[in-house]
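Take a look at the structure below.
Reckoned from all heavy atoms, side chains included, excluding hydrogens, waters and symmetry mates. All ligand and atom numbering here is 1-based and tracks the order in the structure.
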Amino acid sequence: MNCVITGATKGIGKATAKLLARQGYHLYLCARNEENLEELKLKLEKHNPKTQVAYQVVDLSEKKQVYSFAESIISEWKPVDVLINNAGFFTPSEMLNEKDEEMEHMMGINFFAPYYLTKAIVPQMIERKRGHIINICSIASQRAYPLSGTYSTTKFALYGFTKALRADLRDKRVKVTAVLPGATWTDSWKGVDLPPDRLMQAEAVAQAIQNVLTLPGSAVLEEIVMRPQEGDLA
Ligand SMILES: NC(=O)c1ccc[n+]([C@@H]2O[C@H](COP(=O)([O-])OP(=O)(O)OC[C@H]3O[C@@H](n4cnc5c(N)ncnc54)[C@H](OP(=O)(O)O)[C@@H]3O)[C@@H](O)[C@H]2O)c1
């Protein structure tokens with residue numbers, strides 16, 4: 001099986017890449033930092049020599065780079081069985097008092113990149129009558145939190161897109177899943193002083209993603225909502 005993961009060098013993306021590499025998936029990864037990508041590739045291939053890992057340095061906030069990434073996948077790599085639109089970023093914001101560019105930038109990475117990449121890769125899946133698109137949304141796709149308006153808006157958009165995609169692809173044999181994690185220990189939470197158990201581990205989200213992929217036959221897990229045992233922080 002061949003899987004594309006965006007934002008694969010840290011957090012949830014990295015945990016998922018590790019888990020899928022162990023299962024023997026071939027991976028095509030992207031992020032902005034080349035050193036991290038090369039280091040991860042070597043590590044994953046060492047752990048499972050049967051896994052082939054390719055990568056491209058991509059800034060997903062740049063539309064041209066997203067389409068060029070898609071073009072490399074389609075023309076130079078393998079047919080894609082699974083696309084995981086994982087890359088995204090969060091920064092606290094006062095939505096109504098920030099520059100327009102803040103919303104435009106976050107929308108670019110959190111919403112437009114998955115939209116462009118999916119549009120470019122899905123025709124191949126439709127033609128092969130197989131494929132699975134997994135979009136990493138957030139609990140902020142369903143509920144707005146204080147000082148997270150910009151992020152929440154982008155994640156509502158991604159969630160809406162995922163639902164629309166599911167409806168459009170129902171009769172095309174392409175599965176679509178929205179994963180909505182709550183607070184998960186990653187770089188986004190660097191420096192936050194909370195007990196380890198208060199947030200989920202990235203490995204738990206990766207495990208859920210793997211479960212989504214192991215469902216047999218025509219069954220689709222349409223969405224997964226995950227939270228730490230003690231619930232939301234806000
Ligand atoms: N952590 C949470 O609490 C939480 C909760 C709910 C949902 N989520 C969602 O889960 C997903 C993963 O989050 P995470 O916390 O695991 O993130 P993370 O640890 O901050 O890692 C983000 C990954 O994306 C890459 N990336 C960031 N900006 C990029 C860009 N412009 N172009 C290409 N790659 C980029 C990063 O690598 P480079 O820096 O090298 O580019 C890194 O590999 C996101 O969509 C996030 O919104 C996270």
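In this structure, the separation between CG on N135 and OH on Y115 is 13.5 Å, given to the nearest 0.5 Å. Taken from CZ in R143 to OG in S148, the straight-line distance is 10.0 Å, to the nearest 0.5 Å.
T6 contributes a side-chain N or O that, together with a main-chain N or O of A87, makes up a donor-acceptor pair within less than 3.5 Å. A distance-only check finds no donor-acceptor pair linking the side chain of K172 to the backbone of P123 [under 3.5 Å].
Side-chain atoms of T51 and E45 form no donor-acceptor pair, as typed in the model, at a separation below 3.5 Å. With hydrogens and angles left out, the side-chain atoms of T154 and N110 include a donor and acceptor closer than 3.5 Å. N85 and T118 are linked by a side-chain donor-acceptor pair at a separation below 3.5 angstrom, with hydrogens and angles left out of the test. When only modelled atom types and interatomic distance are considered, K78 and Q52 share a side-chain donor-acceptor pair under 3.5 Å.
Of all protein heavy atoms, the one lying nearest to atom 24 (O) of ligand 1 is G7 CA, 3.2 Å. Nearest non-hydrogen protein atom to atom 19 (O) of ligand 1 is T186 CB, 3.4 Å. The protein heavy atom nearest to atom 31 (N) of ligand 1 is D59 OD1, 3.0 Å. Nearest protein heavy-atom neighbour of atom 29 (C) of ligand 1: R32 NE, 3.5 Å. When hydrogens are left out, the protein atom nearest atom 36 (C) of ligand 1 is T9 OG1, 4.2 Å; that is the closest non-hydrogen contact. Looking at atom 22 (C) of ligand 1, its nearest protein heavy atom turns out to be G88 O, 4.2 Å. Atom 18 (P) of ligand 1 has as its closest protein heavy atom K10 CB, 4.3 Å. The closest protein non-hydrogen atom to atom 6 (C) of ligand 1 is P181 O, 3.1 Å.
Here W189 has side-chain heavy atoms under 4.0 Å from ligand 1, and that is the only part of it that gets that close. Residue contacts with ligand 1 for L60 involve both N, CA, C or O and side-chain atoms from C-beta outward (heavy atoms, distance under 4.0 Å). Under 4.0 angstrom from ligand 1, the non-hydrogen atoms of N86 come from both its backbone and its side chain. Only the backbone of C137 comes within contact range of ligand 1, with a heavy atom under 4.0 Å; no side-chain atom does. Under 4.0 angstrom from ligand 1, there are no non-hydrogen atoms of A140. With a 4.0 Å heavy-atom cut-off, ligand 1 is reached by the side chain of K155 but not by its N, CA, C or O.
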> How far apart are the C-alpha atoms of H132 and T177, what are their side-chain angles, what is the distance that settles it, and do they pass the side-chain hydrogen bond (donor to acceptor under 3.5 Å, both in side chains) test?
Replying inline: CA-CA 8 Å; H132 199 145; T177 302; 2.8 Å; yes

> Under the side chain to side chain contact (heavy atoms under 4.5 Å, CB included) criterion, do I126 and L169 qualify, and how do the steps go?
Replying inline: CA-CA 8 Å; I126 293 173; L169 296 177; 3.8 Å; yes

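Residue contact check: N33 has heavy atoms under 4.0 Å from atoms 40 (O) of ligand 1. Listed by number with element, the atoms of ligand 1 under 4.0 Å from a non-hydrogen atom of Y151 are 6 (C), 7 (C), 8 (N), 9 (C), 46 (C), 47 (O). Listed by number with element, the atoms of ligand 1 under 4.0 Å from a non-hydrogen atom of G11 are 16 (O), 19 (O). Atoms of ligand 1 found under 4.0 Å from any heavy atom of S188, numbered from 1 in the order shown, are 15 (O), 20 (O). Close approach to D187 involves these atoms of ligand 1, each under 4.0 Å from a residue heavy atom: 19 (O). Applying the 4.0 Å criterion to heavy atoms of A183 picks out, from ligand 1, the atoms 3 (O). Interface of I12 with ligand 1, defined as ligand atoms under 4.0 Å from a residue heavy atom, comprises 10 (O), 16 (O), 48 (C). Listed by number with element, the atoms of ligand 1 under 4.0 angstrom from any heavy atom of V58 are 32 (N), 33 (C).
We find that E104 and K99 are not joined by a salt bridge, their nearest charged nitrogen and carboxylate oxygen being 4.0 Å or further apart.
Closest heavy-atom approach to atom 5 (C) of ligand 1 within the set A87, A31, G182: this belongs to G182.
Not a single N or O atom of N36, backbone or side chain, sits closer than 3.5 Å to an N or O atom of ligand 1.
Annotation: E38, atom CD; neighbour count of heavy atoms from other residues, nucleotides and ligands within 6.0 Å is above 12.
Proximity of A8 to ligand 1 is established by a heavy-atom distance of less than 4.0 Å.
Between Y28 and Y55, the gap from one ring centroid to the other reaches at least 6.0 Å. Remark: aromatic rings of Y151 and Y145 are distant, center separation not under 6.0 Å.
When the options E62, Q56, K63 are evaluated for a side-chain contact (heavy atoms from CB on, under 4.5 Å) with S68, the one that passes is Q56.
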